[in-house]
Amino acid sequence: MRATALALGTAALVLASGAGHAEVIRIKIANVAYQPAQVTAHVGDTIEWVNADVVAHTATARNGAFDLVMAPNGKNSIVLKTAGAIDYYCKYHPNMTGQISVVRD
Amino acid sequence: MTLVKIAAAFAALLLAGGVAQAQGAKPNDAQIAHIAYTAGKIDIEAAQQAVQKSKNKDVVEFANDMIRDHTAINDKALALVKKLNVTPQDNDTSKALAKQAAEKRAELAKLNGPAFDKAYIDNEVAYHKTVNNALQNTLIPSATNPGLRDLLTTGLKIFQGHQQHAEHVAASLR
Ligand SMILES: [Cu+2]
């Protein structure tokens, strides 16, 4: 029963992503920093930022690809659609910077 | 003028910290908590004035960010001192800061439009710079409780972010 549900869930995830091995990559935000600050991901992967700080932060792409707000103890995510390097920062605290290298499968 | 006085108040604190350190009587945790809380409260009040007076989108957004962050950190500071059973202790530095902030607010109240925006943001840059120096050089090294020291250290990183943010807004106003 459980295994069936899990299999269905996985099938749905694969279908939804349209790719074989879509992953969720978690970036923790703590002590006013993205951890890790640099990640490599594939097109179709999801990046999820989880904020452990007492203040809100953003993940704002310099190329305009995304602009997400993470409330204190909140999280937010995006699905990567195109390959390339994306530099991002926090609009509220521009001393916070990060980079995602998006590669094709 | 007021800015210079605020800087002078912190300079006096730095000096007092240095001298006191030599005599083995640094500002205690109760005084440090009061100074940090007061510095946050001052920035919230300045931001509330800016939200009321400014019509510039970037300035109003910045001010709302200041209200949100400094309120969150001050709430955390209050929860911490309660947990530690420390009563924040008023002191000359806190008093001088509050007095000078009131004077600055009165000065800004007379300005409007772009003149207000520029004066508010320039003061925010200078104020965060001064507070960050005080945190880095006096308040953090003097704090004995690890929880208080951690909160001040995180606060410093957040306020360094505010300083950069304020510098960006200041550049956009030019
Ligand atoms: Cu931030």
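Any value given below was found using the heavy atoms of this structure, including those in side chains, with hydrogens, waters and symmetry copies removed. By convention in this document, chain letters (A, B, ...) are assigned in the order of the sequence lines, proteins followed by strands, and residues within each chain are numbered from 1.
Counting heavy atoms from C-beta outward, B:Met66 and B:His128 have side chains that approach closer than 4.5 Å. Side-chain contact between A:Thr60 and A:Cys90: absent, with no pair of heavy atoms (C-beta onward) separated by less than 4.5 Å. Side-chain contact between A:Val102 and A:Val43 is present, with heavy atoms from C-beta onward closer than 4.5 Å. By the 4.5 Å heavy-atom criterion applied to side chains, A:Met96 and A:Tyr89 are not counted as neighbours. Within the 4.5 Å cutoff, the side chain of A:Ser101 has heavy atoms near those of the A:Gln38 side chain.
Chain A forms more heavy-atom pairs under 4.5 Å with one residue of B:Asp65, B:Thr153, B:Asp150 than with any other, namely B:Asp65.
Nearest heavy-atom pair across B:Leu152 and B:Leu139 is CD1-O, 4.0 Å.
Under the rule for a salt bridge (charged side-chain N to carboxylate O under 4.0 Å, His left out), A:Arg62 has no partner lying at least two apart in sequence or in another chain. Applying the salt bridge (charged side-chain N to carboxylate O under 4.0 Å, His left out) criterion to A:Lys91, with sequence neighbours excluded, gives A:Asp67.
Taking the six-membered ring where tryptophan is involved, the planes of B:His162 and B:Phe159 are tilted, since the angle between them lies from 30° to 60°.
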Show, in sequence, the C-alpha distance, side-chain angles and deciding distance for B:Ser94 and B:Asn91, and conclude whether the side-chain hydrogen bond (donor to acceptor under 3.5 Å, both in side chains) test is met.
CA-CA 5 Å; B:Ser94 292; B:Asn91 55 83; 3.3 Å; yes

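Residues of residues 45-63 of chain B never come closer than 4.5 Å to chain A when only heavy atoms are counted. For a heavy-atom cut-off of 4.5 Å, chain A lies close to B:Arg68, B:Asp69, B:Ala72, B:Ile73, B:Lys76 in residues 68-76 of chain B.
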